[in-house]
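Note that these values count all heavy atoms, side chains included, but never hydrogens, waters or copies made by symmetry. All values reported here derive from a predicted model rather than from experimental measurement. Heads up: numbering here begins at 1 and tracks the sequence.
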Amino acid sequence: MRRASWRHVGPGIVVAATGVGAGDLVATLVAGGKYGYTLLWAAVLGCLIKISLAEAAGRWHLATGRTLLDGWRSLGPWTTVYFTGYVAVWGFVYGAAAMSSTALPLAALFPGVMGLKWWAVLCGVGGLLFVWFNRYAVFEKVMTALVGVMFLVTVYLAVRVVPDLGGLLAGLVPVLPDGSLLYTLGLVGGVGGTITLAAYGYWVNAKGWRDTGWMRVMRLDNRVAYLTTGVFVVAMLIVGAELLHSSGIAIAKGDKGLVDLGGVLEEKYGVATAKLFLVGFFATSVTSLIGVWQGVSLLFADFVARLRGRGADSAGPQAAPGPEAGGVPVERSVPFRAYLLWLTFPPMALLFLDQPFVLVVVYGVIGAFFMPFLALTLLWLLNSSRTPGEWRNGWLSNTVLGAAGLLFLVLCVEQVRDLPW
C-alpha cells in the first residue's frame with residue numbers, strides 16, 4: 001500500500017470545494033447570526049458525516065474496481081429510473097442556480113457594467129469552456145488555487161471580527177436552543193452535501209488511483225479536504241456570531257445574503273475588506289459551478305456507458321467512466337460534453353423566466369431524495385458480497401452511514417413538506 005503523502009492531496013479538495021457553495025456559507029452565517037456559537041458542534045458534525053460519505057464512495061471505487069453507477073445498477077433497475085430523472089431535472093434547475101450564484105459577486109464587484117442575468121450567462125459559458133477544453137489535472141490545480149483564495153478570505157474575516165474563544169469552545173458542546181431542532185439537522189446535513197460526493201470516486205480514478213494500494217492516500221486526501229471545509233464553516237460561523245448576532249443584524253436567506261454581508265463589512269471595516277470578501281464569495285461560487293460541470297458530467301458519461309452495455313470493468317482512470325470507442329478520453333466523449341451543454345444552455349431560459357411551478361416541485365422532490373439515496377445505497381453496497389471482505393464497512397462506518405441515512409431521510413421529508421404544493 002502506498003505511503004500517504006501531502007503531495008497526493010487533490011480529489012478531496014475538489015469534492016469539498018464543489019460541495020461547499022454560497023448557500024452553505026449563508027446557512028452557517030445565519031446560524032451564527034441567530035444562535036451565536038451555540039450550533040458550532042452541528043456544523044462540525046456535518047463535516048464529519050461528509051468525510052464518511054466521501055470515504056465510502058472512494059473506497060467502493062478502489063476496492064471493487066467498479067464505478068458507483070455500476071454499483072447502483074447492481075441494486076436493481078429502480079436506481080436507473082431515479083438517476084435518469086435526477087440528472088435531467090436537477091441539472092436543468094441547478095445550472096440556472098449556479099450561474100446566478102456566481103454572477104452575484106461579480107455584479108457587486110463591477111456595478112453598472114451589465115445586468116445580473118448577463119453576468120450569469122457569462123459565468124455559465126465560461127464554466128463550459130473551461131471544463132470543455134481542460135483535463136482533470138488542470139481542473140484540479142485551478143480548484144486548489146480557488147480553495148486557497150476561499151481559505152485566506154474566510155480566515156482573514158474570522159480574525160478581523162475578533163472571535164470569542166471561550167464562546168467558540170463552548171459551541172463544541174451539543175446544545176439545542178428552543179425551536180432549533182430542524183434548523184440544526186439542516187445545518188448538519190447541508191454543509192458540503194451534494195451529488196458531487198458521489199463524484200469523488202470518479203475524481204479519485206481520474207487522479208490515477210486505481211486499486212486498494214491507494215486506499216491510505218485516498219483517506220488522507222479526504223480527511224485533509226474536509227478539515228479544510230471545517231475551517232471554512234467555523235470561520236463563517238464566527239463572522240455570523242460576532243458581526244451579525246452581536247449587532248442584531250439580519251441578512252437575506254439564499255445567496256443574496258452574502259451580498260448583504262458585503263454591505264455590512266463595508267460599513268464596519270471599509271471598502272477593501274468588503275471587496276476582498278466578494279472575491280472570496282466568487283471563488284466559493286465558481287468552484288461549485290465548475291465542480292458540478294466536471295463531476296456530474298463524469299457521472300452522466302458513465303451512466304450512458306452503462307446503458308450502452310460498456311464499461312463493465314475498470315481498466316484505468318479513463319476507462320472506468322466508459323470512454324467512447326477508439327479510446328477517446330471521457331472528458332472528450334459525446335455524453336460528457338452533451339451533459340455540459342445541458343447544464344449550461346437550457347437553464348439560461350430560467351434566468352429570464354420565472355421557474356415553472358411543476359418544475360420547482362419535481363426538482364425539490366428529486367433533489368431531496370438524493371442524499372438519503374447516496375447514504376443508504378453506499379451502506380448496502382459496502383456490506384454486501386459486491387465488496388471484497390477486507391474493505392467492507394466496519395462498525396464505525398455502518399454507524400455513521402446509518403445515522404446519515406436517517407438524518408437525510410428526516411430532512412428529505414421536511415423539504416418535501418415545505419415545497420409549494
Mind checking the CZ-CG spacing from Arg160 to Leu276? Nearest 0.5 Å is all I need. 10.0 Å
Apply the test side chain to side chain contact (heavy atoms under 4.5 Å, CB included) to residues Ile366 and Tyr82: give CA-CA distance (whole Å), side-chain angles for both, the deciding distance (0.1 Å), then the verdict. CA-CA 8 Å; Ile366 292 177; Tyr82 172 73; 4.2 Å; yes
Flag the pair Val113 / Trp119 as yes when at least one side-chain heavy-atom distance between them is below 4.5 Å, and no otherwise. yes
Is it true that a side-chain atom of Glu331 and a backbone atom of Phe336 form a donor plus acceptor pair closer than 3.5 Å? no
Nearest 0.5 Å, please: how far is OG1 in Thr228 from CZ in Arg223? 14.0 Å
Criterion side chain to side chain contact (heavy atoms under 4.5 Å, CB included) against Trp203, the qualifying member of Gln294, Glu140, Met143: Gln294
So does Val330 get a backbone contact from the side chain of Ser333, meaning a donor-acceptor N/O pair under 3.5 Å? yes
Just checking His61 against Trp209, ring centres under 6.0 Å apart? no
Would you say Ser52's side chain and Leu48's backbone share a donor-acceptor pair under 3.5 angstrom? no
Look at the rings of Phe373 and Trp78 and say which category their plane angle falls in: under 30° parallel, 30 to 60° tilted, over 60° perpendicular. perpendicular
Using every non-hydrogen atom in the two residues, find where Thr229 and Ala16 come nearest and quote the distance to one decimal. OG1-CB, 3.2 Å
Looking at side-chain heavy atoms only, is the closest gap between Leu378 and Leu68 below 4.5 Å? yes
Side-chain contact, heavy-atom cut-off 4.5 Å: Arg59 with Ser397? yes
Has Thr154 got a side-chain atom pairing as donor or acceptor with Phe151's backbone, closer than 3.5 angstrom? yes
Test item: Ser100 side-chain N/O and Ala97 main-chain N/O as donor-acceptor pair under 3.5 Å: no
Of all heavy-atom pairs linking Val155 and Ala235, the shortest is N-CB, 4.3 Å
Closer than 3.5 angstrom, by distance alone: can the side chain of Arg337 be matched with the main-chain N or O of Trp132 as a donor-acceptor pair? yes
Should Phe300 and Val296 count as side-chain neighbours, where that means a heavy-atom distance under 4.5 Å? no
Check: Thr18 main-chain N/O paired with Thr287 side-chain donor or acceptor under 3.5 Å: no
pair Lys207-Val14: side-chain heavy atoms closer than 4.5 Å: no
For a 4.5 angstrom cut-off between non-hydrogen side-chain atoms, does Val147 reach Phe232? yes
Main-chain N/O of Val175 paired with Trp41 side-chain donor or acceptor, under 3.5 Å: yes
Any donor-acceptor pair under 3.5 Å from Asn134 side chain to Phe139 backbone: no
Is there a side-chain contact between Phe83 and Thr80 (heavy atoms, below 4.5 Å)? no
Would Phe133 and Val138 count as a side chain to side chain contact (heavy atoms under 4.5 Å, CB included) if you check the C-alpha gap in whole Å, the side-chain angles of each, and the deciding distance to 0.1 Å? CA-CA 10 Å; Phe133 290 107; Val138 175; over 6 Å; no
Rounded distance (nearest 0.5 Å) linking atom CG of Leu29 with atom CG of Leu237: 8.0 Å
As a quick check of understanding, evaluate side chain to side chain contact (heavy atoms under 4.5 Å, CB included) for Ser285 and Leu104, giving each step before the final call. CA-CA 9 Å; Ser285 296; Leu104 277 170; over 6 Å; no
Rounded to the nearest 0.5 Å, the CG atom of Leu411 sits from the CG atom of Leu185 at a distance of 5.5 Å
Got a donor-acceptor contact below 3.5 angstrom from the Tyr35 side chain to the Leu40 backbone? no
Does a donor on one side chain and an acceptor on the other come within less than 3.5 Å for Tyr200 and Asp221? yes
Pair Phe352 + Trp118: ring centers closer than 6.0 Å: yes
Min side-chain heavy-atom separation Trp90-Val292 under 4.5 Å: yes
Less than 6.0 angstrom separating the ring centers of Phe370 and Tyr86, yes or no? yes
Distance col, row Leu243:CG vs Leu157:CG, nearest 0.5 angstrom, shows 9.0 Å
Of all the heavy-atom pairs spanning Trp293 and Thr344, show the shortest one and how long it is. NE1-OG1, 3.0 Å
Testing the basics here: between Pro346 and Leu341, what is the closest heavy-atom pair and its distance to 0.1 Å? CD-O, 3.2 Å
Stepwise, does the side chain to side chain contact (heavy atoms under 4.5 Å, CB included) test hold for Met348 with Val125? CA-CA 10 Å; Met348 287 179 184; Val125 173; 3.7 Å; yes
Any side-chain donor paired with an acceptor under 3.5 Å for Tyr202 and Asp302? yes
Hey, could you give me the CZ/CZ distance between Arg308 and Phe303, rounded to the nearest 0.5 Å? 11.5 Å
What heavy-atom pair brings Ala88 and Trp342 nearest, and what distance separates the two atoms? O-NE1, 3.0 Å
For Leu351 and Ala120, the nearest pair of non-hydrogen atoms, with its separation, is CD1-CB, 3.8 Å
